[in-house]
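Sharing a structure below in C-alpha cells format, with a few things to ask.
All chains are named by letter (A, B, ...) in the order of the sequence lines, taking the proteins before the strands, and each is independently numbered beginning at 1.
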Amino acid sequence: MLRYFLGRLLTFIPTFIGVTLISFAFIRVLPGDPIIVMAGERGLTEERYQELSRQFGFDQPILLQFWDYLTGVLQGDLGQSYVTKKPVFDEFFTLFPATLELSVCAIILAIALGLPAGVIAAVYRGKFFDRALMSTALVGYSMPIFWWALLLIIVFSGNLGWTPVSGRIDLLYYFDNTTGFMLIDSLLSGQSGAFTSAVRHLILPTIVLATIPLAVIARQTRSAMLEVLSEDYIRTARAKGLSPTRINGLHALRNAMIPVITVIGLSVGTLLAGAILTETIFSWPGIGKWMVDSIFRRDYPVVQGGLLMIALMVMIVNLTVDLLYSLINPKIRHR
Amino acid sequence: MSDPTPLLRIRNLSVDFTTSSGLFRAVDGIDLDVASGELLAIVGESGSGKSVSMLAVMGLLPWTAKITADEITFDGTDLRNLSGPARRRLIGRDMAMIFQEPMSSLNPCFTIGFQLKEALRQHLGLNARDRHARAIELLEMVGMPDPERRLKAFPFQLSGGMNQRVMIAMAIACRPRLLIADEPTTALDVTIQAQILDLLTGLQNDTGMTLILITHDMGVVAETAERVCVQYAGQKVEDQPVIDLFDHPYHPYTAALLAALPERATERRLPTIPGTVPGAFDRPTGCLFSPRCRFADDTCRGTQPPVQPPALGRARCHYPIGATTPQKVTQ
Ligand SMILES: Nc1ncnc2c1ncn2[C@@H]1O[C@H](COP(=O)(O)OP(=O)(O)OP(=O)(O)O)[C@@H](O)[C@H]1O
Ligand SMILES: [Mg+2]
C-alpha cells in the first residue's frame, strides 16, 4: 500500500517537468508581445523597448529563459507578474480560495444530487423517473455552459431578482480575508446578513459549474448500479431477506462506487477548467478569471505559473482519488 | 407425498419471462409436495427450469419474470401474495437458498464475517458478541479451519469450496426449515464436491431440515436423495422415490437418462439424448418430449399427456413404460 503510494508519487516528477515545459511554451506560442501590450496605445520608443526587453530577459536564448524559469520553479519561485509586480505564488494563493470554494460547492452539489439520482434511476430502470432523469442528464451534459449560465441569470437574477449577477458578496459588507473562503470569513465577521449574501452569490455559479459533473456522475452511477444489481451477490443479499434499502444502498452502491469514484476524480479535473468559464461569466474573482485576464495581457509569469499550479492541484486530486479508490476496493488494498 | 400436510406445496406453478422476442415459458405447470425433513432431488438437463422454479418459490426472480400458480404454500403460509416485508421475514430465516457459483455469490466488498453476521442481525436480533460467537460456531459447523481469522477474510481470498462453505453457513445461520441447494457443487473440483455434499446431508441429518437438492448428477441423486423429481423443458415429467426410480422409470425421458448411464456409475454427468430441449419457437403442441421420444405416436405429438397416478411415477406421459394399458411401440 505504502509502496503503491510512493510509486505514484514518483510518477509525479516527469509529469511535473512536462507541465512546466508546456505551460512555458503555451503562452509564448500565442502571437503578441507583452511589452507592446503593456505599453498600450501610447506606444514606446525603440530604446525603451530594448531596455524593457533586457529587463524581462527576452534578449536571452529561449532555452536559457526556460532554464531560469525551471530552476526558479524548483526553488518555489514562480516569478512576478509583469502587471502587478507581485509574486505569482502570492497572487495564486490570494485568489485560489475563491476558486476552491466554488469548486468544492459544485462538486458537493454534483455528488449529493448525482449519486442518489443515479441509484434511484437504476433501481427503477425503464420507469418514468429513470427516463426523465436520463434525458435531463443528457441535456445537462451537452448544453453550452455560457448559454446555460446566461439563461439562469436572466431568469433568477433578471426576472425574479432572487440572486445577484456577479461577485462573491454585496459591496456593503467589508471584512478581513482571514481564510479566503467567503462563507467562513462572512461568518467570522459577525456582520448580520453577510453570510446570507455570500450564499446567494454562490448559488448560480455553483449550479452552473456543477451541471456537467452532475450529469456525468448520475449517468455513471446508474450504469454502474445496473451492472452490479444483476450480480449473483445481490441475489444472495435478497435471499437473506435484507431490505431493498440495504441491498441497494449498501451491497450494490458499495460496489458501484468503485467506478464512480474514478469518474468523480476526473470531474474534479474538468471542474477547474470549467471554473475559468464560470468565473468569467459571474465576475468571480478566482484563478480562472485571473488566468483569462493574464492571457489577454500576455503576462507570461502569471500564465505559466498559474497553469503549473492548476496542474499541480489536479495531480493532487488524482492522487487522493487513487488512495480513496484503493480504500474502498478491498481487492487493491489486499494485494 | 404421503405426508398430508407437506412443508412446501406447489400447484400448477408457471413462470414466463418477457424477452425481446415475446413471452418465454421457463416453468410450465409444476406440482410439487415436499414433506418436512425430506431430501428431494430435482434433476434435469440445463435449461429445464430447475433454478427458475425454486427461485420463484423464494421470490428471487428478476422483474421480467411473471409467476402464476394455483398454490404455493410454505408451512401453511401462502407465498403468492405475501407483502415485501412479510416475505423478507421468511426468506433467509425459515427458507434459505444457496447457489451454483460460490465465487460470485458473495459480495467482494465485505468480509465473510460481515456477511455472515448480517443474516443473524436481520432475523435474530442478536447483539454483537452473540453474533460473533454464533458466526464462529457456524463456520465450525461447516468445517472451516481457523474460523476466527476467516471472519476477517474477503471472499476473493478464499477458494471456491471455502466460499461455498461460507454460503452454507450463511444459509443455515437462522436454522431454516427448508434449504434449497441449487447445484451447490457444479462449480467445484470433484474432491471438494463430495465434501460439500457430505456436509449438506450431514447438516440435514443433524438439524432435521428439509433439503431440496438441484443437480445434474444422477450419481449424486443415487447416493444422497430420498425422492427424485425429473424435469424436462419446464415440466415435471416424473416423481418417484430414488430406489423405485432407478428400478423402474415410467417416463421415457427418465428411462433414456438412466439407460445412457454406463453401468449407472462411471459416467456421472447427465448423458446426451439425441435432439435438443425445445426452445420458445419449436415448442411441440403435444408432449414436449415427443420429438425426441422413441415411443411417440400421433397422440403424443398432438395432445398434451396427462399426469399419471403415483403408482406410475406421476409420469407426464400417454404411455408410461410398463403400464398395464396397451402399450404402443412404434419406431
Ligand atoms: N432472467 C431470465 N430471463 C429470460 N430467460 C431466463 C431467465 N432466467 C432463466 N431463463 C430461461 O429459463 C430457462 C430455465 O432456466 P433455469 O436456469 O431454470 O435452468 P436450469 O434447469 O436451472 O439449468 P442449469 O442446469 O443450467 O442451471 C432457460 O431456458 C433460461 O434461458
Ligand atoms: Mg440452474
For this session: Mind checking the CZ-CG spacing from A:Arg235 to B:Leu55? Nearest 0.5 Å is all I need.
Result: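 One gets 6.0 Å once the value is rounded to the nearest 0.5 Å.
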For this session: Name the option with the most non-hydrogen atom pairs under 4.5 Å to chain A; the candidates are B:Pro108, B:Cys174, B:Ala119.
Result: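 The option with the most such pairs is B:Pro108.
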Exercise. Considering only heavy atoms, which portion of B:Leu90 lies under 4.5 Å from any heavy atom of chain A: side chain, backbone, both, or neither?
Worked result: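 The answer is neither part of B:Leu90.
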Problem set entry | Part of A:Leu229 within contact of chain B (heavy atom distance under 4.5 Å) |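 It is neither, since no heavy atom gets under 4.5 Å.
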Exercise. In terms of heavy-atom pairs under 4.5 Å with chain A, which of B:Arg88, B:Met95, B:Arg93, B:Gln100 leads?
Worked result: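 Max contact count across the listed options: B:Arg88.
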Exercise. Does B:Phe17 CZ have over 12 foreign heavy atoms under 6.0 Å away?
Worked result: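 Count over threshold, so yes.
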Problem set entry | CD-NZ distance between B:Gln122 and A:Lys240, expressed to the nearest 0.5 angstrom |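 If I round to the nearest 0.5 Å, the distance is 9.0 Å.
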Exercise. Checking heavy atoms, do the side chain of B:Gln115, its backbone, both or neither come under 4.5 Å from chain A?
Worked result: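 Both backbone and side chain.
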Problem set entry | Under 4.5 Å from a heavy atom of chain A, the part of B:Ile180 involved |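 Neither the backbone nor the side chain of B:Ile180 comes within 4.5 Å of chain A.
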Exercise. Got a second to check how far B:Met58's CE is from A:Arg238's CZ, nearest 0.5 Å?
Worked result: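 Atom-to-atom, B:Met58:CE and A:Arg238:CZ are 10.0 Å apart.
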Exercise. Taking B:Arg89, B:Met97, B:Met170 one by one, which has the highest count of heavy-atom pairs under 4.5 Å against chain A?
Worked result: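 Ranked by heavy-atom pairs under 4.5 Å with chain A, first place is B:Met170.
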Problem set entry | Whether A:Thr236 side chain and B:Ser105 backbone form a donor-acceptor pair below 3.5 Å |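 Between the backbone of B:Ser105 and the side chain of A:Thr236 there is a qualifying donor-acceptor contact (under 3.5 Å).
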For this session: Identify which part of A:Ser230 has an atom lying under 4.5 Å from any heavy atom of chain B, answering side chain, backbone, both or neither.
Result: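 Looking at A:Ser230, nothing touches chain B.
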Exercise. Rounded to the nearest 0.5 Å, how far apart are CD of A:Glu231 and CD of B:Glu101?
Worked result: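 With rounding to 0.5 Å, CD (A:Glu231) is 11.5 Å from CD (B:Glu101).
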Problem set entry | Side chain, backbone, both or neither of B:Leu60 within contact of chain A (heavy atoms, under 4.5 Å) |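 The answer is both parts of B:Leu60.
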Problem set entry | For the student: nearest non-hydrogen atoms of B:His123 and A:Gly241, plus distance |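 Heavy atoms of B:His123 and A:Gly241 come nearest at NE2-CA, 4.3 Å.
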Exercise. Nearest heavy-atom pair of A:His251 and B:Phe110: which atoms, and what distance?
Worked result: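 What the structure gives for the nearest pair is CA-CE1, 4.0 Å.
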For this session: State, yes or no, whether a side-chain contact exists between A:Pro330 and B:Phe156 at a heavy-atom distance under 4.5 Å.
Result: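 Heavy-atom side-chain distance check passes, below 4.5 Å.
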Exercise. Relative to chain B, which of A:Leu250, A:Ile258, A:Ile234, A:Ile328 shows the most heavy atom pairs under 4.5 Å?
Worked result: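 The residue among A:Leu250, A:Ile258, A:Ile234, A:Ile328 with the greatest pair count is A:Leu250.
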Exercise. Looking at B:Ile91 and A:Ala239, what are the two nearest heavy atoms and their distance?
Worked result: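 Closest approach of B:Ile91 to A:Ala239: CG2-O, 3.1 Å.
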Exercise. More than 12 non-hydrogen atoms from neighbouring residues, nucleotides or ligands closer than 6.0 Å to CD on A:Glu227, yes or no?
Worked result: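 For A:Glu227, atom CD is not crowded (no more than 12 foreign heavy atoms under 6.0 Å).
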For this session: Answer yes or no: does atom OH of A:Tyr124 have more than 12 heavy-atom neighbours from other residues, nucleotides or ligands under 6.0 Å?
Result: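 Counting other residues, nucleotides and ligands, OH of A:Tyr124 stays at 12 neighbours or fewer.
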Exercise. Got a sec: does the CZ of A:Arg131 have more than 12 other heavy atoms crowding it under 6.0 Å?
Worked result: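 For A:Arg131, atom CZ is not crowded (no more than 12 foreign heavy atoms under 6.0 Å).
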